[in-house]
Amino acid sequence: MIDAALIQRFVDVVGEKNAITNSGDMVAYLKEWRDMWQGSSPLVLRPASTVEVSAILKLAHGTNTKIVPQSGNTGLVGGQIPMGDEVLVSLDRMTKIISVDAADHSITVEAGVILKNVQAAADDVDRLYPLSLASEGSARIGGTLSTNAGGLNVLAYGNARDLCLGIEVVLADGRIWNGLKSLRKDNTGYYLKDLFIGAEGTLGIITAATLKLFPKPKSYATAFCAVPSPDAALQLLNLAKVESGNRVVAFELLPAIGVGFAAKHLNAVNPLAIPSSWYVLTEFADAPDAMEACLEHALQQGLVSDAAIAQSEAQRQAFWHVRESLSESQKFEGGSIKHDVSVPVSMVPEFIEAATAAVEHFMRGARVCCFGHLGDGNMHFNVSQPLGMDKAAYLSQWHAMNDVVFAEVLKRKGSVSAEHGVGRLKAADLVKIKSPIEMEMMRGLKTLFDPKGILNPGRVLV
Ligand SMILES: Cc1cc2nc3c(=O)[nH]c(=O)nc-3n(C[C@H](O)[C@H](O)[C@H](O)COP(=O)(O)OP(=O)(O)OC[C@H]3O[C@@H](n4cnc5c(N)ncnc54)[C@H](O)[C@@H]3O)c2cc1C
């Protein structure tokens with residue numbers, strides 16, 4: 001319980017206008033995208049600068065106040081949602097693009113800049129910031145770094161960690177570390193920035209970042225293909241890499257059930273007329289003639305039964321709309337139990353087969369909707385409730401279903417959280433899958449950076 005006098009001291013840091021104490025005005029900050037958590041908090045603070053974040057953490061450290069950082073509030077594991085007496089620190093006013101350096105291929109931004117705005121700022125100087133997620137219109141840079149977000153272009157450009165050159169962080173006691181460098185090489189001891197990236201706000205609050213930019217591809221070739229099986233899709237991936245001279249920038253696997261959900265609920269039209277069990281959406285950059293040749297060979301080899309190549313930017317966007325509608329459209333089919341998992345790329349087809357069989361054995365009628373980033377071995381193995389089943393009764397099986405799927409992941413030395421992180425959702429699972437020495441090193445780092453445990457308690461480590 002935080003007393004009124006302490007709340008006032010926090011409010012004084014950001015000013016009355018930028019502090020919310022009325023629960024009615026906090027709704028947008030407390031509502032979680034999947035409705036799995038309903039947040040509560042005595043106070044939302046909206047600092048405008050690193051100095052204000054520092055003052056907040058200094059006060060929190062001195063008074064043992066729990067702090068939850070939040071950027072765009074699109075996280076899918078409950079990390080950014082405060083509970084009980086946790087104070088929410090929102091980065092949503094720290095939205096300055098500090099500098100864009102086209103010659104250096106880098107951009108420096110405050111942590112509250114929306115991902116889409118970073119992409120646009122890069123585009124303005126004929127550069128590309130390649131991180132791309134369905135949530136890019138809301139997710140902010142601090143959140144993408146704190147979750148080490150992946151998304152659609154990891155295959156070619158890596159995940160958020162690979163795209164970050166430097167960060168500025170406010171430590172749990174309020175001290176500021178300015179690590180905003182744009183160096184490509186720096187072997188001067190431990191690579192501290194990488195500890196904060198993917199730490200989900202448990203080690204410090206990221207307040208700014210310097211990110212890598214790339215030359216903008218001159219052209220994209222985008223194809224929506226019908227494939228007979230995940231195994232054929234995997235062979236198509238390898239063919240595409242060779243035929244394009246390794247210019248495959250996206251390779252997404254989509255199941256018929258998911259494409260059907262997207263068409264039914266979100267008007268996302270399947271561009272192919274003849275139905276197929278599986279589809280692939282793939283994109284090559286700067287390899288204009290390679291797509292047609294690749295698909296021709298794939299048809300000859302029976303890896304593809306039909307395909308459409310986008311003939312305009314509008315058609316390309318329409319193809320992507322199908323892919324990007326998959327997550328949201330599942331909401332309309334009742335309860336959906338989610339698994340964001342990865343296995344070695346070559347094992348994806350056998351994993352899908354084994355996990356689907358295991359789930360169907362566990363619950364008759366459960367509808368597997370497995371889709372995602374085949375090129376990275378990262379599948380969103382989501383399971384919609386059996387038709388007609390009560391939603392709450394279905395969702396009560398969340399952890400039991402997770403155990404069924406995770407067993408198949410772990411058999412293949414995979415990860416139970418490929419890109420969404422651990423948050424609250426998977427914190428209890430971590431001890432089951434990490435070795436004691438890994439847990440010991442992680443706990444040691446937490447104690448070093450946040451000895452009082454005020455930052456995001458109960459997330460990642462329990
Ligand atoms: C429709 C949809 C599609 C998605 N697709 C993808 C996808 O393809 N790939 C993918 O990786 N993710 C995906 N996500 C998940 C989510 O968008 C990402 O995890 C994103 O990176 C979160 O950014 P955010 O700004 O919303 O962070 P938030 O949700 O605000 O926070 C996420 C976590 O980071 C912490 N945090 C936030 N800001 C800071 C900061 N400045 N310093 C320290 N800690 C901080 C929070 O406490 C929390 O633990 C998707 C989500 C949705 C809703």
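Expressed to the nearest 0.5 Å, how far CZ of Arg316 lies from CG of Leu281 amounts to 9.5 Å. Here the straight-line distance linking atom CG of Asn117 with atom CD of Gln119 works out to 9.0 Å at 0.5 Å rounding. Residue Ser132 holds its OG atom at 4.5 Å from CG of Leu152, rounded to the nearest 0.5 Å. Remark: Thr63 OG1 to Ile2 CD1 distance equals 7.5 Å, nearest 0.5 Å. For the atom pair CG (Leu254) and SG (Cys369), the distance works out to 8.5 Å, reported to the nearest 0.5 Å. Interatomic distance, Lys212 NZ to Leu131 CG, rounded to the nearest 0.5 Å: 12.5 Å.
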Run Lys331 and Glu328 through salt bridge (Lys or Arg N to Asp or Glu O under 4.0 Å) and show every step you take. CA-CA 6 Å; Lys331 279 187 174 182; Glu328 197 181 345; 5.7 Å; no
Applying salt bridge (Lys or Arg N to Asp or Glu O under 4.0 Å) to Glu440 and Arg443, what does each step give before you reach the verdict? CA-CA 5 Å; Glu440 199 180 308; Arg443 290 204 171 100; over 6 Å; no
Glu408 and Lys413: CA distance, side-chain angles, deciding distance, salt bridge (Lys or Arg N to Asp or Glu O under 4.0 Å) verdict: CA-CA 9 Å; Glu408 296 302 328; Lys413 291 199 163 65; over 6 Å; no
Could you go step by step and tell me if Met36 and Trp398 meet the side-chain contact (heavy atoms from CB on, under 4.5 Å) rule? CA-CA 11 Å; Met36 285 185 77; Trp398 189 288; 3.7 Å; yes
Would Lys96 and Glu110 count as a salt bridge (Lys or Arg N to Asp or Glu O under 4.0 Å) if you check the C-alpha gap in whole Å, the side-chain angles of each, and the deciding distance to 0.1 Å? CA-CA 5 Å; Lys96 266 193 234 87; Glu110 287 187 333; 3.4 Å; yes
Worked check of side-chain contact (heavy atoms from CB on, under 4.5 Å) between Val249 and Tyr220: CA-CA 9 Å; Val249 291; Tyr220 287 106; 4.1 Å; yes
Would Val383 and His339 count as a side-chain contact (heavy atoms from CB on, under 4.5 Å) if you check the C-alpha gap in whole Å, the side-chain angles of each, and the deciding distance to 0.1 Å? CA-CA 8 Å; Val383 187; His339 308 87; 4.2 Å; yes
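Checked against a 6.0 Å centroid threshold, the rings of Phe196 and Phe449 count as neighbours. Between His380 and His420, the distance separating the two ring centers is shorter than 6.0 angstrom.
In this structure the side chain of Phe319 never reaches within 4.5 angstrom of the side chain of Glu283, judged on heavy atoms. Between Leu43 and Val11 there is a side-chain heavy-atom pair separated by less than 4.5 Å.
Qualifying salt bridge (charged side-chain N to carboxylate O under 4.0 Å, His left out) partners for Asp12, counting only residues two or more places apart in sequence or in other chains: none.
Other residues, nucleotides and ligands contribute only 12 or fewer heavy atoms inside 6.0 Å of the NZ atom of Lys58. No more than 12 heavy-atom neighbours from other residues, nucleotides or ligands sit within 6.0 angstrom of CG on Asn267.
For Val44 against Met26, the heavy-atom pair with the smallest separation is CG2-CG, 3.7 Å.
When atom types are taken as modelled, the side chain of Asn73 and the backbone of Ala28 share a donor-acceptor pair closer than 3.5 angstrom.
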